[in-house]
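Atom set for the values below is all heavy atoms of this structure, side chains included, hydrogens, waters and symmetry mates excluded.
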Amino acid sequence: MECSELGGFHLPKPSRYFFEILDPNTLERLPEGRPGLVVMTHLDRRGTCLLRYLVGDICTLTSETCPACGGWEPRFSSIPYRTGSIAKVKGTLVNIPVLLDALSKIQGIEEYEIILTQTDPKDPFSEDVMLVRTACSQDRFPSISSEVRECVRRSQEVTPEVKWVPPEYYSDAQMNYKFKRFKDERIRR
């Protein structure tokens with residue numbers, strides 16, 4: 001929980017959880033204040049206990065006194081963000097490889113691109129938007145766009161915006177080995 005806007009997330013029960021921050025490459029423990037993978041261990045738990053569980057977020061951890069409220073418990077001092085092939089969109093975890101696979105099976109799409117952005121690109125707190133830019137023949141776009149929406153909604157539980165682009169839009173991209181079908185252009189908070 002935050003005591004002030006962007007002031008960091010205090011751990012409400014520090015006696016129940018132990019958090020560590022690890023280097024994403026070496027999995028060595030990092031000193032406080034350095035960003036890394038969040039790892040959690042239950043200290044007081046009934047039932048299933050997690051030991052050194054990799055949460056899948058990158059964040060920083062500090063135990064310095066909070067300048068906003070004077071709290072002394074550990075807190076995450078930056079906004080966590082996802083690693084790997086999972087992205088959170090409108091509060092829902094989206095598995096990018098599964099989404100790419102599902103879209104590649106739709107007949108009539110010559111090329112496509114998935115872009116995560118926000119309703120207001122300048123406001124980091126505005127709502128997430130998933131845009132699927134689709135290259136296909138213009139006369140087939142109405143049926144393909146509804147198929148794309150339904151495919152994404154069924155596989156990822158997020159309904160995207162679908163935008164038509166002419167097939168030649170991606171002609172240079174197809175020749176470029178660095179072309180990425182998935183881009184996250186959201187502002188980090």
statement: side-chain contact (heavy atoms from CB on, under 4.5 Å) with I114: of L99, V94, I96, only one passes, and it is L99
- prompt: How far does NE2 of H42 sit from CG of L50, to the nearest 0.5 angstrom?
  reply: 4.5 Å
message: Please give me the minimum heavy-atom distance between H10 and C3, naming the atom from each residue.
response: NE2-SG, 3.4 Å
query: Does the pair E20/R29 count as a salt bridge with the N-to-O cut at 4.0 Å?
result: yes
message: I need the minimum non-hydrogen distance between P160 and V132, along with the two atoms involved.
response: CB-CG2, 3.9 Å
field: T62/S77 under side chain to side chain donor-acceptor pair (under 3.5 Å): CA gap, chis, key distance, verdict
entry: CA-CA 6 Å; T62 183; S77 55; 5.5 Å; no
query: Does L30 share a hydrophobic cluster with F9, counting links as ILVMFWY side-chain heavy atoms below 4.5 Å and allowing steps through other members?
result: yes
query: Does a side-chain N-to-carboxylate-O contact under 4.0 Å join R153 and E157?
result: no
same_hphob_cluster(V148, V165) at 4.5 Å side-chain heavy-atom cutoff: no
- prompt: Given the rule that I, L, V, M, F, W and Y join up when any side-chain heavy atoms are under 4.5 Å apart, are M130 and I144 in one cluster?
  reply: yes
message: Between the side chains of D184 and R186, is the shortest nitrogen-to-carboxylate-oxygen separation below 4.0 Å, so that they form an ion pair?
response: yes
- prompt: NZ/K163 to CZ/F141 distance, rounded to the nearest 0.5 angstrom?
  reply: 10.0 Å
statement: Heavy-atom closest pair (D123 atom, Q118 atom, distance to 0.1 Å) is O-NE2, 3.7 Å
query: Under 3.5 Å, is there a donor-acceptor pair between the E32 and S63 side chains?
result: yes
- line: Between I115 and the options K180, R181, E185, the side-chain contact (heavy atoms from CB on, under 4.5 Å) test singles out E185
field: R140 side, atom CZ; S145 side, atom OG - distance, nearest 0.5 Å
entry: 11.0 Å
- prompt: Looking at P35 and I21, what are the two nearest heavy atoms and their distance?
  reply: C-CG2, 4.0 Å
- prompt: What is the minimum heavy-atom distance between D120 and S126, and which atoms define it?
  reply: O-OG, 3.0 Å
- request: First locate atom CG of L11, then atom OH of Y17, and finally report the distance between them rounded to the nearest 0.5 Å.
  value: 9.5 Å
query: Applying the side-chain hydrogen bond (donor to acceptor under 3.5 Å, both in side chains) test to R133, which of Y170, Y169, Y112 qualifies?
result: Y169
message: Is the shortest side-chain heavy-atom distance between L27 and L37 below 4.5 Å?
response: yes
Criterion side-chain contact (heavy atoms from CB on, under 4.5 Å) on R45 and R16, from CA distance to verdict: CA-CA 7 Å; R45 172 87 180 188; R16 292 189 177 187; over 6 Å; no
Test item: F76 and D57 side chains (from C-beta on) under 4.5 Å apart, heavy atoms: no
statement: Minimal heavy-atom distance between T65 and G70, with the atoms involved, is CG2-O, 3.5 Å
message: Measuring from atom CG of L131 to atom CG of D128, what distance do you get when rounded to the nearest 0.5 angstrom?
response: 13.0 Å
